[in-house]
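One structure is given here, and the rest of the page talks about it.
By convention in this document, chain letters (A, B, ...) are assigned in the order of the sequence lines, proteins followed by strands, and residues within each chain are numbered from 1.
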Number of protein chains: 2
Amino acid sequence: MIQSIDRAAKILGLLQGSRRLGISEMAAALDLPPSTVHGIVKSLQSHGFVAQQPSGNRYVLGPALLKLSSVYLDTLDVRARSMRWMHELSRRTGLASRLGVESFGEVIVIHHDRRPDGTEQMPETGVTIPSHVSAMGKVLLAYDAAHAADVLSRPLPSLTAETTTEPDLLREEFEQVRRDALGYENEEAVIGESSVAAPICAEDGEVIAAIAVVMPSNAWPPTAAVLDDLREAARNISRELGAPTWPPRPPAPGQD
Amino acid sequence: MIQSIDRAAKILGLLQGSRRLGISEMAAALDLPPSTVHGIVKSLQSHGFVAQQPSGNRYVLGPALLKLSSVYLDTLDVRARSMRWMHELSRRTGLASRLGVESFGEVIVIHHDRRPDGTEQMPETGVTIPSHVSAMGKVLLAYDAAHAADVLSRPLPSLTAETTTEPDLLREEFEQVRRDALGYENEEAVIGESSVAAPICAEDGEVIAAIAVVMPSNAWPPTAAVLDDLREAARNISRELGAPTWPPRPPAPGQD
DNA sequence: AAGCCGATTCGACAATGTCGAATAGACACT
DNA sequence: AGTGTCTATTCGACATTGTCGAATCGGCTT
């Protein structure tokens, strides 16, 4: 692990958490001399990874990150294959759909197709959601014992009154997910918002992503028609990716 | 400039250009020993900035970039303020709208509102376009002599038959932009696609972003109604940001 | 099975980043 | 306006740290 790169990454992580920071604030947070932090920040700045606001001495994340992330998205085969099916899914259900993958114990949304009702909606691509409060997260964990064990080994934050923070309850949910090939989440992340997710399999049969539809909680539970559309989309995407079966064959029945 | 951070950034830049690279390919491109590159790549990997594909020994950009970019977008005041007006603009004109800022001599799209016709459209947020082939780029350069001089000092790539690569012609276009507060681009970036852009001003009156509508070239030239809607959107956003005047007062009449 | 190519590991060296002190600059308070 | 404090920034000496070359490992092809 190269020290200065590690520190640079930590600085970016810091700026991710609290939007605008001065050199000395970062130095205090990382317990480093300000001059060291300054050197790193200036290097990051010269490549556009951080920028300093016009208002002077505070730093924020920079535009180079956006350009890189755009290329990152382009490299994702799942995403390219999914877009057309997700659009169809949103059109048929009238709901927003999301595609997510696992990243460092969270779910990161790699594509988002809005509700087709013409209202203004925030783009959600790039948003991360703790796995245990997300329907997609539950699906991804249910088919990945290693990540599941990792996530459940740490304390689980509670985001709403409905959040499940009990590892054993989540383990039961994972079993249900493996049975139905569907994961649910009812106001566990955001009040008033619920979602259902299904797994997406790659060529080797592994679950590599999850697709979800998001609905207002007053439309809960989802109708059979919505679930069918969701399953259909997941199956079609998986087939395009060359998956041998769908629903995925559950992994060896170990404990997660 | 910290060496290892500089090298890390160059590696990310390399991966940005050619999606999948092995250690030795990067080493060759940067003229460094493979072991050095390996150390840097592994450090980047441990923070999620690069990932290696399941298929073995090739590296690609990683998901951490997406998460960071999402926070970057959230820090942009212009973007938050623009979204609602852009949605209105797209609704009224029936065209896709874009918001862009300058970054390292290019325009980077920081928000994109699709055509409201329900068809499937690629998300364009994060896409970068060379300034001289973009209506937004021309607007941004017209009001920023320093950047303009910088961009024009380098050879300008030609993307289509319509691309203007002659610095003097572009300088004339900049003058027209400053007169009309509108910049044009007709099939200069992508064949079959044209756009018009208007400047957005911040509190201090500086042009900090550009807003554009994109249309199929057979809808060229844009109608007066479209231009009015565009101007209206730019004016409204600028006003929300606290700009003293719109259209912006052109800068001191130096040569760019 | 052998050979090749690339990724990866390891250890010694010195180049490099780090740190503390000194400087410069911004801002608030008197 | 002047003074004080806070912060960012610059600079140079030191030794820590990253770098490099050689050796090892692993996969794939012939």
Is the phosphate of C:dG17, meaning OP1 or OP2, less than 4.0 Å from a side-chain N or O of B:Arg7?
no
A:Tyr59 side-chain N/O to D:dT7 phosphate OP1/OP2 under 4.0 Å:
no
Do you know which two heavy atoms are closest between A:Cys201 and A:Leu241, and how far apart they sit?
O-CD1, 3.6 Å
Are any of B:Thr36's side-chain N or O atoms less than 4.0 Å away from OP1 or OP2 of D:dC20?
yes
May I have the distance from A:Met26 (atom CE) to D:dA8 (atom P), rounded to whole angstrom?
8 Å
Quick one: pull up CD in B:Glu173 and NE2 in B:His132 and give me the separation to the nearest 0.5 Å.
10.5 Å
Rounded to whole Å, please give me the gap between CZ in A:Arg20 and P in D:dA8.
16 Å
Nearest-Å distance for atom pair CD1/P, residues A:Ile5 and C:dT16:
15 Å
Nearest whole angstrom, please: distance from the P of C:dC10 to the CE of A:Met1.
15 Å
May I ask you to verify if any side-chain N or O of B:Ser24 is less than 4.0 angstrom from the OP1 or OP2 atom of C:dA7?
yes
Tell me whether the side-chain N/O atoms of B:Gln3 come closer than 4.0 Å to OP1 or OP2 in C:dA15.
no
Between the base of C:dG20 and the side chain of A:Ser35, is there a donor-acceptor distance below 3.5 Å?
yes
Tell me: CG of B:Leu32 to P of C:dA15, nearest whole Å?
16 Å
All heavy atoms of A:Arg178 vs all of A:Ala142, minimum pair found to be NH1-O, 2.7 Å
Can you tell me how far P of C:dA7 sits from CD of B:Glu25, to the nearest Å?
7 Å
A:His38 side chain N/O closer than 4.0 Å to the phosphate oxygens (OP1, OP2) of D:dT9?
yes
Checking contacts here: which listed nucleotide (C:dT8, D:dA8, D:dT9) is nearest the side-chain heavy atoms of B:Lys42?
C:dT8
Nearest whole Å is fine: how far is D:dT9 C1' from B:Ile2 CD1?
14 Å
note: B:Ile40, atom CD1; C:dG17, atom C1'; distance rounded to Å ~ 14 Å
May I ask you to verify if any side-chain N or O of A:Arg58 is less than 4.0 angstrom from the OP1 or OP2 atom of D:dA8?
no
Here the pair of heavy atoms bringing A:Trp85 nearest to A:Ile237 is CD1-CG1, 3.5 Å
Shortest non-hydrogen pair, A:Gly183 vs A:Val177, comes out as CA-CG2, 3.8 Å
